[in-house]
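A quick write-up on the structure given underneath.
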2 protein chains.
Amino acid sequence: MNAPNPYETAFSIAAVERDTGLAKDTLRVWERRYGFPAPMRDANGERLYPADQVEKLRMIRRLLDHGRRPARVVGASVEELSTMLDACLCPEGGAPAGRDDGLLQLVRLHRSVELAAALRQALMKQGLQRFVAQTVAPLAAAVGEAWMRGEVDVPEEHLFTEQVQNVLRGAIGAHASIAGRPRVLLTTFPEEEHVLGLLMAEAMLVPEGASCLSLGTRTPLADIRSAAVGGGFDIVGLSFSIAYPARQAIEGLLELRSLLPEGIELWAGGAAVRDKQKRLPGIRVVGDLEDTMAALQDWRARNGAEG
Amino acid sequence: MNAPNPYETAFSIAAVERDTGLAKDTLRVWERRYGFPAPMRDANGERLYPADQVEKLRMIRRLLDHGRRPARVVGASVEELSTMLDACLCPEGGAPAGRDDGLLQLVRLHRSVELAAALRQALMKQGLQRFVAQTVAPLAAAVGEAWMRGEVDVPEEHLFTEQVQNVLRGAIGAHASIAGRPRVLLTTFPEEEHVLGLLMAEAMLVPEGASCLSLGTRTPLADIRSAAVGGGFDIVGLSFSIAYPARQAIEGLLELRSLLPEGIELWAGGAAVRDKQKRLPGIRVVGDLEDTMAALQDWRARNGAEG
DNA sequence: CAGCCCAGTTTGTCCTGGACAAATCAAATC
DNA sequence: GATTTGATTTGTCCAGGACAAACTGGGCTG
């Protein structure tokens with residue numbers, strides 16, 4: 001009785017695809033090539049993945065997102081994977097110690113009500129821009145790290161995103177200057193569904209008097225072009241999360257650059273394009289939130305006071 | 001030269017899966033069984049679907065969402081499909097003529113700026129509740145119909161959702177009563193990603209003094225339970241779009257009902273659960289936005305003035 | 001030493017054709 | 001009219017092979 005029936009906590013290949021983001025074909029070919037995963041079979045011969053293998057697959061997935069290659073990680077032991085994950089975390093900005101982890105705790109414990117209240121309180125106290133730079137961005141980074149470590153899961157990340165969205169959208173809407181310059185169109189490429197980068201950029205720009213319009217995520221290139229041209233925008237801003245393939249980002253940005261008229265600038269931000277400026281001629285790579293403000297200053301200096 | 005190279009406008013099976021929502025396995029098995037789709041092949045023997053077949057697959061997909069069965073629609077001609085789609089539309093609420101189609105035009109023409117401005121203006125003029133009931137809901141229905149007819153596509157639907165979200169979230173945030181009763185937790189099941197139903201419900205309830213918290217879409221059952229219990233909620237509200245399988249909705253709702261303590265009510269709304277009240281004992285089926293208000297009155301009558 | 005090109009390897013996706021359980025329909029029964 | 005039962009439909013899974021695109025690392029050049 002102390003060992004629960006493994007069948008009760010085992011997952012079909014479709015469920016594993018949903019939970020890990022690894023395609024069914026990929027799961028089967030890894031099994032063939034590397035001997036992992038090694039699922040059980042049900043009465044009908046179909047794969048049944050035990051929970052611990054799914055957990056290991058999640059660790060592997062996270063390492064692949066950080067650029068590791070399958071041959072080096074599929075087949076490694078859980079301990080080795082754990083070590084590799086730690087190695088991915090530390091170099092990023094040194095030791096992020098002493099930060100206020102209260103909000104992260106709320107996320108991990110699913111305390112949605114308290115999280116919403118705490119976010120609104122921080123917003124009131126700090127004002128929109130500092131709220132984004134000093135509260136939302138660090139919290140997003142902390143959630144990302146916790147996600148790497150496997151300490152938060154899809155539902156927690158989701159709750160976090162939703163609550164931050166609520167607060168940011170409300171605050172941005174309150175500014176509502178639709179006349180200011182520059183006019184910025186914000187969106188992501190079709191394969192990118194992370195929305196927080198967009199909202200943070202918008203929250204930094206709107207208080208400065210820029211007028212932003214977000215198309216949301218997953219906009220086809222042709223639609224970005226027509227929206228930018230038809231709406232008379234000065235700048236198109238794209239956001240890329242860490243999971244977005246750098247190569248694909250560069251390729252897409254260069255194509256979009258060629259689609260847009262010269263008068264419209266193209267800005268790109270997020271982990272996937274950081275340090276890629278030299279491969280992106282004619283495109284402004286925005287390193288972080290502060291750099292967004294710098295880019296705005298630059299634009300205004302170039303385009304005079306009237307605009 | 002008058003016929004464009006068909007290879008230029010043909011799609012890989014992965015692209016078709018993304019565009020139509022039909023799984024690769026399904027596309028291949030239909031081809032085997034019904035002789036449709038009948039894609040070309042590239043030099044490598046891989047399927048290449050011409051644009052007109054993809055368009056037809058989209059029509060088929062829409063009909064399946066409305067309960068038709070594959071044997072009756074896969075293999076029908078475009079004209080027959082068109083007739084069936086018309087038949088799906090008309091019975092729903094008679095002829096929705098004379099409605100203000102200006103907003104729908106803005107959606108179809110990708111006029112995101114004007115759409116945002118028009119929505120905000122309507123909100124100012126009507127107030128939140130009437131804005132939702134008289135502007136957002138009809139517009140959502142119109143977009144849904146246009147989607148059925150194939151007159152709007154993914155990008156348009158997306159733009160529409162995003163702009164409405166912006167306006168509604170801003171307006172809801174402005175009310176921000178976190179003390180009122182009842183306390184309502186809003187979300188959807190993991191397979192349901194449509195968010196507008198939730199936002200509309202929230203927009204109706206908040207001005208009445210209820211305190212709402214939205215977990216966003218795709219929340220696992222166990223997380224709904226723990227959030228509801230831990231947050232001290234009176235009511236859990238679930239939203240189901242037309243595409244959600246009714247059977248799955250009923251099954252999930254009954255399971256969630258059994259997970260929740262008796263003191264917490266369970267409300268369900270949306271096309272997938274309409275007219276299913278008798279199959280959902282212990283659950284309040286909310287027919288439409290007006291019925292949401294009625295349900296709120298009922299709750300307050302039952303639970304006294306203090307609460 | 002940075003940048004570029006080229007062969008070799010890795011890796012995800014696609015293929016065929018078969019199988020089966022779950023969902024659905026239609027007929028028969030209470 | 002409602003419910004049960006048998007036949008049919010339908011989506012998903014399987015095996016094992018194939019191949020192009022992506023990546024690696026070495027050698028070359030400016």
Side-chain angles (χ1 to χ4, degrees), chain A residues 10-18 20-49 57 60-61 63-76 191 243-252 272 275-276 278-279, chain B residues 10-18 20-49 57 60-61 63-76 191 243-251 278-279:
Chain A
F11 303 87
S12 73
I13 193 168
V16 176
E17 176 181 47
R18 178 164 34 78
T20 65
L22 298 165
K24 299 186 187 78
D25 272 329
T26 305
L27 290 167
R28 284 192 279 253
V29 87
W30 281 3
E31 183 179 340
R32 206 193 312 168
R33 286 184 186 149
Y34 312 116
F36 184 87
M40 309 172 296
R41 299 295 177 129
D42 68 6
N44 190 30
E46 305 199 344
R47 290 171 175 80
L48 272 184
Y49 295 83
L57 285 169
I60 291 170
R61 172 64 204 261
L63 286 166
L64 294 186
D65 284 347
H66 276 252
R68 306 278 176 139
R69 303 206 62 193
R72 303 282 167 188
V73 293
V74 185
E191 301 81 9
Y244 201 93
R247 192 189 193 92
Q248 207 174 335
I250 291 168
E251 197 181 315
D275 311 323
K276 299 290 188 299
K278 65 176 175 180
R279 289 217 265 164
Chain B
F11 303 86
S12 73
I13 194 169
V16 176
E17 176 181 47
R18 179 163 33 78
T20 65
L22 298 165
K24 298 184 187 80
D25 272 329
T26 305
L27 289 167
R28 285 191 278 253
V29 88
W30 282 3
E31 183 179 339
R32 208 193 311 168
R33 285 183 187 149
Y34 312 116
F36 183 87
M40 309 171 298
R41 298 295 176 127
D42 68 6
N44 190 31
E46 305 199 344
R47 290 171 174 79
L48 273 184
Y49 296 82
L57 284 169
I60 291 171
R61 171 64 205 257
L63 286 165
L64 293 186
D65 284 347
H66 275 251
R68 307 280 175 138
R69 303 207 61 193
R72 303 284 167 186
V73 292
V74 185
E191 302 81 9
Y244 201 95
R247 192 188 192 93
Q248 206 174 336
I250 291 168
E251 197 179 315
K278 67 174 177 182
R279 289 218 264 164

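Hydrogens, waters and symmetry mates play no part in the numbers below; they use all other heavy atoms, side chains included. A note on names: the letters A, B, ... follow the listed sequences, proteins ahead of strands, and every chain is numbered from 1.
- In terms of heavy-atom proximity, B:Phe36 sits nearest to B:Val74 at O-CG1, 3.6 Å.
- The stretch residues 22-29 of chain A comes close to DNA chain C through A:Ala23, A:Asp25, A:Thr26, A:Val29, each having a heavy atom under 4.0 Å from the strand.
- The residue among B:Asn44 and A:Glu17 whose nearest nucleotide of DNA chain D lies closer to the 5′ end is A:Glu17.
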Query - side-chain contact (heavy atoms from CB on, under 4.5 Å) assessment of B:Glu46 paired with B:Arg41 - result: CA-CA 5 Å; B:Glu46 305 199 344; B:Arg41 298 295 176 127; over 6 Å; no
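- At a threshold of 4.5 Å between non-hydrogen side-chain atoms, the residues B:Leu57 and B:Leu27 count as touching.
- For the OP1/OP2 pair of C:dT11 and a distance below 4.0 Å, the side-chain nitrogens and oxygens of A:Tyr34 include at least one atom meeting the criterion.
- The shortest non-hydrogen separation linking B:Leu64 to B:Arg69 is CD2-C, 4.0 Å.
- First and last contacting nucleotides of DNA chain D toward chain A (any atom under 4.0 angstrom from a heavy atom, 5' to 3' order): D:dC13 to D:dT24.
- The distance between atom CZ of B:Arg41 and atom P of C:dC14, rounded to the nearest whole Å, is 12 Å.
- Among residues two or more places apart in sequence or in another chain, the side chain to side chain contact (heavy atoms under 4.5 Å, CB included) test is passed with A:Arg33 by A:Val29.
- From B:Ser12, atom OG reaches atom NZ of B:Lys24 across 8.5 Å, with rounding to the nearest 0.5 Å.
- Of all the heavy atoms in B:Met40 and B:Ala10, the pair that sits closest is CE-CB, 3.8 Å.
- Put simply, the side chain of B:Ile13 reaches to within 4.5 Å of the side chain of B:Arg28, judged on heavy atoms.
- Between B:Arg47 and the phosphate of C:dC15, there is a side-chain N or O to OP1/OP2 separation shorter than 4.0 Å.
- The salt bridge (charged side-chain N to carboxylate O under 4.0 Å, His left out) search around B:Arg61 returns B:Asp65, not counting sequence neighbours.
- The distance between atom CD of B:Glu31 and atom C1' of C:dG18, rounded to the nearest whole Å, is 16 Å.
- One axis for each end of the helix from C:dC1-D:dG30 to C:dC30-D:dG1, each built from five base pairs, and the angle between them comes to 50° at 10° resolution.
- Between the CG atom of A:Asp42 and the CZ atom of A:Arg47 there is a distance of 11.0 Å, given to the nearest 0.5 Å.
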Nucleotide N/O to protein N/O under 3.5 Å, stretch nucleotides 22-24 of chain C:
| unit_1 | atom_1 | unit_2 | atom_2 | d |
| --- | --- | --- | --- | --- |
| C:dT24 | OP2 | B:Arg247 | NH1 | 3.4 |
| C:dT24 | O3' | B:Arg69 | NH1 | 3.4 |

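- When all heavy atoms are compared, the tightest approach of A:Pro37 to A:Tyr49 is CG-CE2, 3.5 Å.
- Each of A:Ser12 and B:Pro70 was matched to the nucleotide of DNA chain D holding its nearest heavy atom; the match closer to the 5' end belongs to B:Pro70.
- Heavy-atom nearest nucleotides on DNA chain C were determined for B:Arg33 and for B:Gly45, and the one closer to the 5' end corresponds to B:Gly45.
- To the nearest 0.5 angstrom, B:Thr20 atom OG1 is 11.0 Å from B:Phe11 atom CZ.
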